[in-house]
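Keep in mind it's a predicted model, so treat the numbers as computed, not measured. Each chain gets a letter, A, B and so on, in the order its sequence line appears, and its residues count up from 1.
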Protein chains: 2
Amino acid sequence: MGTVSKALSLLAYFNHGRTGIGLSDLTRLSGMNKATVYRLMSELQETGFVEQTGSDRSYRLGPQLLRLAALREAAVPILSVSRQVLRELSDETGETTHLSLLQGSQLNSLSHAYSPRNATRVMMEDAKVLTFHGTSSGMAVLAFAEPDFAETILSQPLEARTPETLTDPERIRAQLDGIRKSGIAVSVGGFEEDVHSHAVPIFDPDRKVIGALAVAAPASRMTAEQKQLIPAALRRAGATLTYRIGGSAPAGFPQDETA
Amino acid sequence: MGTVSKALSLLAYFNHGRTGIGLSDLTRLSGMNKATVYRLMSELQETGFVEQTGSDRSYRLGPQLLRLAALREAAVPILSVSRQVLRELSDETGETTHLSLLQGSQLNSLSHAYSPRNATRVMMEDAKVLTFHGTSSGMAVLAFAEPDFAETILSQPLEARTPETLTDPERIRAQLDGIRKSGIAVSVGGFEEDVHSHAVPIFDPDRKVIGALAVAAPASRMTAEQKQLIPAALRRAGATLTYRIGGSAPAGFPQDETA
DNA sequence: AACCAAAGGTTCGCATAATGAACCGTTTGA
DNA sequence: TCAAACGGTTCATTATGCGAACCTTTGGTT
């Protein structure tokens, strides 16, 4: 691993639960030498990718990221485009909707919308890591990713987040086959208990899957009517989003024209 | 300059006008060796900071930035907090408002809001670089930054973007004194012609200036009434924003209680 | 107030990892 | 049809990053 990768890998230790990390903690987390971590962080600081807080001297992610993310959005406006799609889909279904994108071999939630219709909602946080197994978004992505990629993911140990999480690779493969046929993934309580969610894959101009659009509802609200309405609305919204970002579904992606 | 800084400095060549850059262009722009640029970009690509488009093989900013920016926002929610403040300020003034943040020694526009009240508006783009001289935001920041910082900026050649741009360091220093007294900066056509803008500084918990909040209006709409209303509303909004992000104005910052 | 432990930060000889001139194979367009 | 420009690769040279050990500061305990 080159020096640059090493430095950037340090940024991966930041998350919602740990927004500030001191030098020693970062040394322990990364397993690198303290002097190395110090030098790398100093360089990241010079370039504004991290900053040190005035109070203690712990590091946190820096403002330069905001600028670069805004430029990324200007070049590839997935998030800005998705916001409208998410809002409309939330309005239509009365439930929480979210978009997750594939980044390397990791799936991250990146944008979401709530519906004001119901007092109880599934809550979402942006920049959270989603597992592939056990989330409808993850399954939707896996089903349409390169077969090698799916196999790599399934060959790793699969943790059960809830008693409902499916962890047997063989049964997951069977589900993926079903998703490839239907074009939509369903998960009941596989990531958070009592959450029933649907997801469809999103494709880029090269017809590669880049993420998933999902609707998450409290299981108690999934009436027969909602079980009809949500998948139909979600398919339409997914097709719209893929289209708006200039993408296209791969040959063989099920076109559900019954909706 | 270390390898990490070198790699990250390559990202600085991306901007609104140039969202995709090929290997050879990047080599020319950076003045580095082609093999070096190639290796650095390969590492940035591995970590998702850039990606290569399928069509030509040019690089563009990568999706990892979205994730990290979202985490930065989770830690320091300046943008999300500002959005509400910007919207309210736009509603109140009927004009375009924007927030810019200091990143290193560069001031960048990062968030904005329009008012639907008028058909003609000052248009804004996020992630644009603002000059310090000639923009009200830049002057507001300079006036309350460390004196060394202001002097460093003023000692560099100051480009005149319009005939109205003030480029004489001595006259700029005089203006800065005035801004320190009044707590608000005004610029008429210094960055874009026919744009009249006001700006106030925003402070962090260490009472350091981190950026500026601004209202930009077509010069033709700046009636005597607006010249009263806008500064008053802007001062209130600036104080609110500084407060909401946990910041405080430094001792001696003019508290305009006449509003 | 004396002590200790753990924090952030620094030093310096050594060896690894970055460098760049020159070199491929492809693509493009004159 | 051919040359120029592209992305990508090689390999000897050496600059650069590395880590054990060492400071200095900080905050809590006795």
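- Among C/dT11, D/dC18, C/dT19, the nucleotide with an atom closest to any side-chain atom of A/A35 is C/dT11.
- When rounded to the nearest whole Å, the span between CG of B/D25 and P of D/dA4 equals 19 Å.
- Close to D/dA5, at under 4.0 Å from its OP1 or OP2, lies no side-chain N or O of B/R28.
- When the side-chain nitrogen and oxygen atoms of A/Q52 are compared with OP1 and OP2 of C/dG9, one or more of them lie within a distance under 4.0 Å.
- With rounding to the nearest 0.5 Å, the separation of CG in B/L142 from CG in B/L154 is 6.0 Å.
- As rounded to whole Å, 12 Å separates atom C1' of D/dG8 from atom CD of B/Q45.
- The separation between A/L23 atom CG and D/dT26 atom P is 16 Å, rounded to whole Å.
- Applying the 4.0 Å criterion to OP1 and OP2 of D/dG17, one finds that A/K6 has every side-chain N and O outside that range.
- If you take CG of A/L29 and P of C/dA7, they are 12 Å apart, rounded to a whole angstrom.
- The structure places CE of B/M139 at 9.0 Å from CZ of B/R180, a figure rounded to the nearest 0.5 Å.
- Judged by distance alone, with hydrogens and angles left aside, the side-chain atoms of B/S136 form no donor-acceptor pair with the main-chain N or O of B/A185 at under 3.5 Å.
- If you check D/dG8, C/dG9, C/dA18 against the side chain of B/R39, the one that comes closest is C/dA18.
- Between A/T36 and D/dG17 there is no side-chain N or O to OP1 or OP2 distance below 4.0 Å.
- Side-chain atoms of B/K34 and base atoms of C/dG20 include no donor and acceptor less than 3.5 Å apart.
- For A/Y59, no side-chain nitrogen or oxygen approaches OP1 or OP2 of C/dA7 to under 4.0 Å.
- At whole-Å resolution of the value, CE in A/M41 and C1' in C/dA7 are 15 Å apart.
- Going from atom CG of A/L40 over to atom C1' of D/dT16 covers 12 Å, rounded to whole Å.
- Taking 4.0 angstrom as the limit, A/R57 places none of its side-chain polar atoms (N or O) nearer than this to OP1 or OP2 of C/dA7.
- Atoms CG (A/N33) and P (C/dA15) sit 16 Å apart, rounded to a whole Å.
- Here B/Y38 does not reach the OP1 or OP2 of D/dG7: none of its side-chain N or O atoms lies under 4.0 Å away.
- The nucleotide whose nearest atom lies closest to any side-chain atom of B/T3 is, among C/dA21, D/dG8, D/dG17, D/dG17.
- Looking at B/E193 and B/T162, their side chains never bring a donor and an acceptor atom within 3.5 Å of each other.
- Residue B/M32 contributes atom CE, which lies 18 Å from atom C1' of C/dA21 at whole-angstrom precision.
- For the atom pair OH (B/Y13) and CD1 (B/I21), the distance works out to 9.0 Å, reported to the nearest 0.5 Å.
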